[in-house]
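These numbers come from a predicted model, not from an experiment. Convention: sequence-line order gives letters A, B, ...; per-chain numbering from 1.
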Amino acid sequence: MNSFSSLLIRWQKTHGRHDLPWQDTTDPYRVWLSEIMLQQTQVATVIPYYRRFLARLPTLADLAAAPVEEVMALWSGLGYYARARNLHAGARAVMAQHGGEFPREPAAIAALPGIGRSTANAIADFCFAARVPILDGNVKRVLCRCFGIEGFPGAPAVERRLWQLAAELLPRQRVGVYIQAQMDLGATLCVRGQPRCGECPLADRCVALRCGRSAELPQAKPRRALPQRETTLLVLRNGHDILLEARPPQGIWGGLLSLPELPAGADAQMHAATLGCRVQDVQELPPFVHTFTHFRLTLRPLLMAAQPLPQAAEAGRRWLAPAAMKAAPLPAPIRKLLKTLSGSL
DNA sequence: AACGCGGGGCG
DNA sequence: CGCCCAGCGTT
């Protein structure tokens, strides 16, 4: 029979990864260490850290006895340092609460710091021949594609469905090989960017492949829509010179030079007058969008030929000649606008 | 430059 | 419960 799990187990034999340094053991300490390192870090990066860590702290008792500074030093460069602190605290908890024997029950494993449901289940499967599902990023991707599951897999409703599905798909036997196969498939073929569906053992049943939706599944985390703001900028032109003003030190573009901003609701000609410019014609230039980390700004430039009065070049304002543009402290979008403009003036 | 990663901590 | 964070590697 060609069940989901049997296809994966068969594929794992010939195409899965078998030489990873934590695959030659059922020592829960080693498997635990590998799982924690692999939580946010890719295999290739993890391997040297894993070897060095075990060479220095070969057993759980060694880890528990080590000062936390040494553990942090062994972790240094891997990132997410809470993982190391939790690992250390977890080793001490196993010594103190379990008499030094790593707990066998998934729930007891998951009670250790830094270990959630998926990691606990993986340890139980690999080390204690349990039969419980895992759901890491690789498995989520494989399931979302193969079963055509819509929605962001981190969303609670989708996640519940994925856990349910993962449990239903578990084989009766060889669960360890099976979950390794899921992870290997997700890491080597069913990758995010360019999945190699031609080599996939699930290709003939994959909903995403059949529907041509492999690129859309799993759906990306919905990014909160950036707040939209807009502002009108005055491009006051005296010959080839443009009037710029210093931005207030706080806030956006703090301390840089920029085009004068037209306050909301203000009249362009009136405001130009307060800046020391007499203007006749007002020409709307095409608006353009600039995206910041936390909002999206639409900039609407108004081009005006200005006859300057002396106070134009006061209060942080100055006329910028085209030659001085390169060295001026301008925000990128303003520089771009002026550059575009200098061609057409 | 943006995205993804598993779990913990917070409101 | 849902939301955000951590730090690095990949795209």
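Using a 4.0 Å heavy-atom criterion, one finds that A:Gln39 contacts the sugar-phosphate atoms exclusively. Residue contacts for A:Thr41: at a heavy-atom cut-off of 4.0 Å it reaches no nucleic acid atom on any strand shown. Within the nucleic acid shown, A:Gly116 comes within 4.0 Å of sugar-phosphate atoms alone, with no base atom in reach, counting heavy atoms only. Looking at heavy-atom distances under 4.0 Å, A:Ile115 makes contact with sugar-phosphate atoms alone, never a base. If you check every strand for non-hydrogen atoms under 4.0 Å, A:Arg83 touches nothing.
Put simply, OH on A:Tyr81 is 19 Å from P on B:dG8, counting in whole angstrom units. Here B:dG6 presents its P atom at 11 Å from CZ of A:Phe152, a figure rounded to the nearest Å. A:Ile109 places its CD1 atom 18 Å from the P atom of B:dG6, with the value rounded to the nearest Å. Following rounding to the nearest Å, A:Lys221 (NZ) and B:dG4 (C1') show an atom-to-atom distance of 10 Å. Rounded to an integer number of Å, the gap from A:Arg141 CZ to B:dC5 P is 6 Å.
Relative ring orientation between A:Tyr29 and A:Trp32 is described as perpendicular, the plane-to-plane angle rising above 60° on a 0-90° scale split at 30° and 60°. Ring geometry, A:Phe4 versus A:Phe147: the interplanar angle falls from 30° to 60°, so the pair is classed tilted.
For C:dC8, neither phosphate oxygen OP1 nor OP2 lies less than 4.0 angstrom from any side-chain nitrogen or oxygen of A:Thr45.
Interatomic distance, CD1 of A:Ile9 versus CD1 of A:Ile179, reported as 11.0 Å (0.5 Å rounding).
In this structure, a donor-acceptor pair under 3.5 Å is present between the side chains of A:Thr231 and A:Glu261.
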